[in-house]
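The structure presented is a predicted model; accordingly, all values stated were derived computationally and were not measured. Residue numbering restarts at 1 for every chain, and letters A, B, ... go by the order of the sequence lines.
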Amino acid sequence: MHNLKEIRKDFEAFKKAIQKRITDVDFTKLKTLDEQNRQAIQEKEKLEQQKKDISKSKDKDLFEKSKSISSSIDKISDDQKKIKLELDSILSNIPNIPHPDVPEGHTEKDNIEISKTGQIPNFDFKPKSHYELGEKLGMLNFDLATKTTGARFVFVRDKLAHLERALSNFMLDTHILNNGYEEVSPPLLASENTMFGTGQLPKFENDQFEIKTEEKTGRKFLIPTAEVILTNMVKEQIIDKKKLPYRFVASTPCFRKEAGSYGKDTKGMIRQHQFYKVELVSVVEQNKCQDELERMTNCATNILDQLKLPYRKVILCTGDMGFSAEKTYDIEVWLPSENRYREISSCSSCSTFQAVRMKCRYKNEKKEMEFVGTLNGSGLAIGRTLIAILENNQQKDGSIIVPKVLRPYMNNLEKISSN
RNA sequence: GGAGAGAUGGCUGAGCGGUUGAAAGCACCGGUCUUGAAAACCGGCAAAGGGGCAACUCUUUCCUGGGUUCGAAUCCCAGUCUCUCCGCCA
């Protein structure tokens with residue numbers, strides 16, 4: 001969320017920056033409401049002061065007057081609250097401002113490739129898709145999941161289930177031991193306010209799975225990514241600057257409705273309602289966001305390097321970025337069956353956008369309150385990594401070579417083949 | 001599920017109708033002292049919002065929402081959360 005005070009300083013510049021991303025914001029209304037809001041506050045404060053003076057004077061003759069002032073205050077205050085509510089609802093639906101580095105564009109076609117790493121495998125046979133391979137091995141079962149649960153779920157079984165767990169452990173260990181992240185095992189449900197903090201609500205409610213709960217305790221949602229719960233670990237806090245940066249890593253299931261992607265990636269486990277992901281989250285001083293983003297992205301690509309999977313790094317254009325992001329690198333892994341790169345990690349700096357929503361601050365050198373910067377990235381999406389290993393490491397007979405770094409996690413198993 | 005206790009500043013913790021935005025301690029920052037550091041001493045130190053170029057100033061805030069009162073951190077009602085004990089279940 002944007003700080004109104006900052007917007008006010010240069011309204012036109014704000015408008016221009018936002019219009020790079022979306023255009024359906026009613027800027028005139030925003031401005032008018034802000035002015036009305038401030039005017040109401042001023043009126044209210046004037047009356048409050050009068051009332052305070054009367055109360056201090058303890059002059060009985062003025063008590064009646066104070067009562068009538070009270071009712072005026074109530075009225076103005078009600079109006080002001082309504083204005084503020086409307087103001088906040090406009091504000092909370094405006095995305096983050098893109099960083100100057102971000103290329104302008106509308107779709108993923110306008111993203112810009114930054115680098116390519118690794119060797120694309122050369123097969124002397126027609127490479128199969130991950131779901132063909134998995135089903136043939138008897139270790140991926142989509143039909144069974146449809147029967148027990150519904151579309152876009154999968155049973156991963158036997159060696160592939162083990163591989164999935166090995167991936168999670170390997171990634172966690174790497175980030176904890178080599179990259180300085182603290183391991184976290186978080187709740188998988190988040191409150192409405194927590195979802196608001198990272199920007200999933202109010203605008204993207206349709207993508208979230210909501211859990212039925214007792215009334216009164218508030219709405220609860222299954223986390224669509226651990227970013228939500230890890231980032232909100234610092235919500236409503238004033239952090240001691242010395243403790244920054246915070247770096248958290250968690251491996252969790254993620255739940256997404258994938259509304260609006262009907263008919264897209266319906267085959268296989270590219271796009272599921274539930275998937276595992278190892279998530280990295282950093283909380284930093286606001287001027288360190290860019291450095292941290294590079295660092296985080298390197299942590300993610302390092303996993304692919306170790307797994308010897310070919311990938312490319314892309315910077316997302318303004319139109320393809322997420323709501324809360326100011327700048328995003330996507331890491332895309334090579335998928336032989338599709339003959340193209342597919343997203344396996346997305347690393348974003350959210351500048352202070354989420355911090356304002358979460359109310360997370362620290363004191364800078366000048367002892368001024370500043371909002372922290374938050375970043376998140378996948379390191380990596382487990383399901384898609386599994387897919388990439390299946391497809392890139394497949395043999396003519398349909399068996400799969402286990403990457404060397406994973407073997408210690410799999411009882412030194414070198415190859416996965418049907419029993 | 002039953003019975004109690006509580007929620008105050010970054011933290012601990014007093015206050016229980018009228019300069020209380022809130023004692024005290026810790027932490028933190030600045031200074032004196034010291035070769036340096038520590039200790040000791042002195043001083044400072046809440047946030048949000050409004051007004052002002054600024055120095056500064058005003059308003060709000062003691063879990064949340066109502067109520068009583070000229071006036072509420074303090075009294076009343078409702079709710080949320082936390083803790084302790086008992087029961088139940090992992």
(request) Pick the C1' atom in B/C89 and in B/A24, then give their distance to the nearest Å. (result) 46 Å

(message) I need the full list of side-chain hydrogen bond (donor to acceptor under 3.5 Å, both in side chains) pairs touching residues 235-252 of chain A, with sequence neighbours left out, sorted by first then second residue.
(response) A/Ser168-A/Ser251, A/Asn193-A/Lys235, A/Thr194-A/Lys235, A/Lys241-A/Glu365, A/Arg247-A/Glu292

(message) Measuring only the P atom in each nucleotide, how far is B/G66 from B/U57? A whole number of Å is fine.
(response) 31 Å

(message) When the C1' atoms of B/G4 and B/C58 are compared, how many Å lie between them, rounded to an integer?
(response) 44 Å

(request) Might you confirm whether atom CD of A/Glu113 has over 12 heavy atoms from other residues, nucleotides or ligands at distances under 6.0 Å? (result) yes

(message) Say we look at B/G25 and B/U84: how far apart would their C1' atoms be, to the nearest angstrom?
(response) 27 Å

(message) For B/C88, give the paired nucleotide (Watson-Crick: N1-N3 plus N6-O4 or O6-N4; G-U: N1-O2 and O6-N3; both under 3.5 Å), or none.
(response) none

(message) Rounding to an integer number of angstrom, what distance separates B/G71 and B/G67 when you compare their P atoms?
(response) 12 Å

(message) Can you build the contact string for nucleotides 45-67 of chain B? Use B for base contact, S for sugar-phosphate-only contact, and - for no protein heavy atom under 4.0 Å.
(response) -SSSBSS------BBS-------

(request) Report the residue from A/Met369, A/Gln286, A/Glu368 that forms a side chain to side chain contact (heavy atoms under 4.5 Å, CB included) with A/Tyr362. (result) A/Gln286

(message) Expressed as a whole number of angstroms, how long is the span from A/Ile54:CD1 to B/U69:C1'?
(response) 14 Å

(message) Rounding to an integer number of Å, can you tell me how far A/Glu64 CD sits from B/C70 C1'?
(response) 9 Å

(request) Using the C1' atoms only, state how far B/G13 lies from B/G17, rounded to an integer number of Å. (result) 22 Å

(message) Under 6.0 Å from the ring centre and within 45 degrees of the ring axis: does the NZ or CZ of A/Lys31 meet both conditions for the six-membered ring of A/Phe11?
(response) yes

(request) Mind calculating the distance between NZ (A/Lys67) and P (B/G71) to the nearest angstrom? (result) 8 Å

(request) Could you tell me whether A/Arg357 sits above the aromatic face of A/Phe196, with NZ or CZ closer than 6.0 angstrom to the six-membered ring centre and within 45 degrees of the axis? (result) yes

(request) Write down the distance separating the C1' atoms in B/G9 and B/A46, rounded off to the nearest Å. (result) 5 Å

(message) So that I can tick it off, tell me whether A/Asp79 and A/Lys75 are bridged by a salt bridge, with the cut-off set at under 4.0 angstrom between side-chain N and carboxylate O.
(response) yes

(request) Could you please name the partner base of B/G4, counting Watson-Crick and G-U wobble pairs only when both distances are under 3.5 Å? (result) B/C83

(request) Figure out the NZ/P separation between A/Lys220 and B/U80, and round it to whole Å. (result) 12 Å

(request) Between B/C63 and B/A5, how far apart are the C1' atoms? Round to whole Å, please. (result) 16 Å

(message) Using Watson-Crick or G-U wobble geometry with both distances under 3.5 Å, which nucleotide pairs with B/A40?
(response) B/U32

(message) Using Watson-Crick or G-U wobble geometry with both distances under 3.5 Å, which nucleotide pairs with B/A46?
(response) B/U61

(message) How many whole angstroms separate atom NZ of A/Lys243 from atom P of B/A27?
(response) 14 Å

(message) My understanding is that only residues two or more places apart in sequence, or in another chain, count here; which of them pass salt bridge (charged side-chain N to carboxylate O under 4.0 Å, His left out) with A/Arg271?
(response) A/Glu258, A/Asp265

(request) For A/Ser66, report the nucleic acid contact type (base, sugar-phosphate, nothing); a contact means any heavy atom under 4.0 Å. (result) sugar-phosphate

(message) Need the pair for B/G9. Rule: Watson-Crick or G-U wobble, both distances under 3.5 Å, any strand; none if unpaired.
(response) none

(message) Tell me if the OH atom of A/Tyr276 is crowded by more than 12 foreign heavy atoms within 6.0 Å.
(response) no

